[in-house]
Asks: 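Below is a structure I'd like to ask you about.
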Amino acid sequence: VFSHLAPGKVVILIVEDLERDLDRHRTAVGIGGSGQLGEGQTGYRTDDQFTVTGKETHSANCDVGASAITQAAHMIIELEKFKDMKLAFMVHWGLYSLLGGEWKGRIMQKPYHIAEWAQQYFRIPNAEYHQLAKCFNPILFNAEEWVKTAKDAGMQYMVFTSKHHEGFAMFHSKVSGFNVVDATPFGRDVVAELAEACRKYDMKLGLYYSQELDFHEEHGGGVHYVD
């Protein structure tokens with residue numbers, strides 16, 4: 001689900017059960033006298049009118065609960081779009097990619113063999129882990145090649161880890177120098193390049209962003225796991 005975000009703000013919505021959520025929001029749209037949405041219908045609100053479109057169109061005044069109606073209608077539309085997009089791919093990419101689940105002769109074991117959690121798994125202190133940034137130089141990265149390949153395969157959107165729990169930003173952050181532009185020899189804004197490629201090939205882009213869980217941030221959640 002993609003929403004308009006204020007600069008610097010990232011919102012991730014995880015939908016576990018689309019049908020359940022669609023039913024819940026269809027019911028919520030009933031506030032204010034608009035009635036239940038029927039099968040194959042979606043709803044939207046303009047000014048003081050709530051309009052249901054589908055097999056037939058109806059309008060109703062929305063003086064009561066207008067804000068809730070607007071939000072619910074928007075959610076219905078976005079969830080329907082999300083269902084229709086179907087095939088997609090998610091990319092995890094960060095400093096942990098250099099390790100590939102190994103550290104000083106040790107290998108991550110099941111069920112905790114998820115490479116992006118390597119810093120926590122091996123309890124790597126930040127001072128040592130951050131040295132990986134000096135080795136991060138993926139000179140063959142081509143955002144357009146990634147997106148075009150996905151598009152040609154029938155994918156409708158991609159989700160990219162703009163910042164995972166290690167706290168390393170794959171974009172040029174003004175908050176911290178611990179990012180792909182300022183801290184690596186690569187020096188390129190990966191998220192910006194992907195966004196431009198997605199715009200060119202009409203591919204939806206979602207950003208995974210770990211906010212509270214940040215091993216790099218002094219007061220971030222999980223920092224006690226590594227330092």
Side-chain angles (χ1 to χ4, degrees), residues 1-15 77-102 108 113-120 129-217 220:
V1 177
F2 305 95
S3 303
H4 293 290
L5 306 175
K9 301 293 184 182
V10 177
V11 176
I12 301 298
L13 175 63
I14 300 175
V15 180
I77 294 171
E78 293 303 309
L79 286 173
E80 294 285 9
K81 289 180 181 178
F82 184 66
K83 286 184 65 179
D84 290 341
M85 286 191 289
K86 302 182 186 299
L87 184 62
F89 74 116
M90 181 172 186
V91 180
H92 276 73
W93 194 21
L95 297 184
Y96 45 81
S97 303
L98 295 171
L99 301 182
E102 298 185 33
M108 298 179 76
H113 59 303
I114 304 175
E116 59 267 25
W117 286 83
Q119 186 181 12
Q120 177 183 344
Y129 188 83
H130 290 181
Q131 296 303 308
L132 292 172
K134 298 178 181 179
C135 305
F136 192 86
N137 194 21
I139 58 175
L140 298 181
F141 168 64
N142 186 319
E144 285 200 17
E145 183 179 37
W146 281 26
V147 175
K148 187 176 184 302
T149 298
K151 193 74 174 181
D152 290 345
M155 297 184 186
Q156 300 298 308
Y157 70 98
M158 67 176 294
V159 178
F160 181 77
T161 50
S162 61
K163 180 169 78 75
H164 209 270
H165 309 325
E166 63 185 1
F168 181 73
M170 294 294 286
F171 57 93
H172 195 194
S173 172
K174 295 181 181 180
V175 176
S176 168
F178 192 48
N179 67 76
V180 68
V181 176
D182 297 325
T184 77
F186 187 53
R188 287 161 50 188
D189 190 322
V190 173
V191 171
E193 292 184 26
L194 283 172
E196 186 61 34
C198 285
R199 187 176 296 111
K200 179 177 179 179
Y201 292 101
D202 192 27
M203 171 79 76
K204 297 292 186 181
L205 173 64
L207 298 179
Y208 173 108
Y209 182 91
S210 181
Q211 175 67 29
E212 190 273 338
L213 196 57
D214 186 331
F215 303 153
H216 165 72
E217 168 58 42

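Throughout, numbering of the chain's residues begins at 1 and tracks the sequence. Values reported hereafter were calculated over all heavy atoms of this structure, with side chains retained and with hydrogens, waters and symmetry mates removed.
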Asks: May I ask you to decide if F141's main-chain N or O and R188's side chain share a donor-acceptor pair within less than 3.5 Å?
Replies: yes
Asks: Tell me the closest heavy-atom pair linking G177 and A183, and the distance in Å.
Replies: O-CB, 3.5 Å
Asks: For the backbone of H172 and the side chain of D189, can you confirm whether one donor and one acceptor N or O come within less than 3.5 Å of each other?
Replies: yes
Asks: Could you check L99 against Y129 for side-chain contact (heavy atoms from CB on, under 4.5 Å), going step by step and ending with a plain yes or no?
Replies: CA-CA 10 Å; L99 301 182; Y129 188 83; 4.1 Å; yes
Asks: Within a 6.0 Å radius of atom CD on Q211, are there more than 12 heavy atoms belonging to other residues, nucleotides or ligands?
Replies: no
Asks: Among L194, L207, V191, which residue meets the side-chain contact (heavy atoms from CB on, under 4.5 Å) test with F171?
Replies: V191
Asks: Atom CD in E193, atom SG in C198: separation rounded to 0.5 Å?
Replies: 12.0 Å
Asks: Measure the OG-CG distance between S173 and N179 for me, rounded to the nearest 0.5 Å.
Replies: 5.5 Å
Asks: Would you say NZ of K151 has more than 12 non-hydrogen atoms from neighbouring residues, nucleotides or ligands within 6.0 angstrom?
Replies: yes
Asks: Given M85, which partner from the list E80, M155, Q156 fulfils the side-chain contact (heavy atoms from CB on, under 4.5 Å) test?
Replies: Q156
Asks: Given ring pair (Phe, Tyr, Trp, His ring centres under 6.0 Å), test W93 with F136 step by step and report yes or no.
Replies: CA-CA 11 Å; W93 194 21; F136 192 86; 5.6 Å; yes
Asks: Start with the C-alpha distance between H165 and Q119, add both sets of side-chain angles, then the distance that settles side-chain contact (heavy atoms from CB on, under 4.5 Å), and finish with yes or no.
Replies: CA-CA 9 Å; H165 309 325; Q119 186 181 12; over 6 Å; no
Asks: Where do K86 and K83 come nearest, in terms of heavy atoms and distance?
Replies: CG-O, 3.1 Å
Asks: Using a 3.5 Å distance criterion without hydrogens, assess whether the side chain of S162 forms a donor-acceptor pair with backbone atoms of M170.
Replies: no
Asks: When you measure from the side chain of K163 to the backbone N and O of Y209, does any donor-acceptor pair fall under 3.5 Å?
Replies: no
Asks: Given F168, which of F178, F215, F186 fulfils the ring pair (Phe, Tyr, Trp, His ring centres under 6.0 Å) condition?
Replies: F178
Asks: Is the side chain of E166 donor-acceptor paired with the backbone N or O of L95 at a distance under 3.5 Å, no angle test?
Replies: yes
Asks: Looking only at non-hydrogen atoms, find the nearest pair between A133 and P185 and report the distance.
Replies: O-CD, 3.5 Å
Asks: Got a second to check how far K148's NZ is from K200's NZ, nearest 0.5 Å?
Replies: 9.5 Å
Asks: Listed by chain and number, what are the side chain to side chain contact (heavy atoms under 4.5 Å, CB included) partners of H92, not counting sequence neighbours?
Replies: M90, Y96, E116, T161, H164
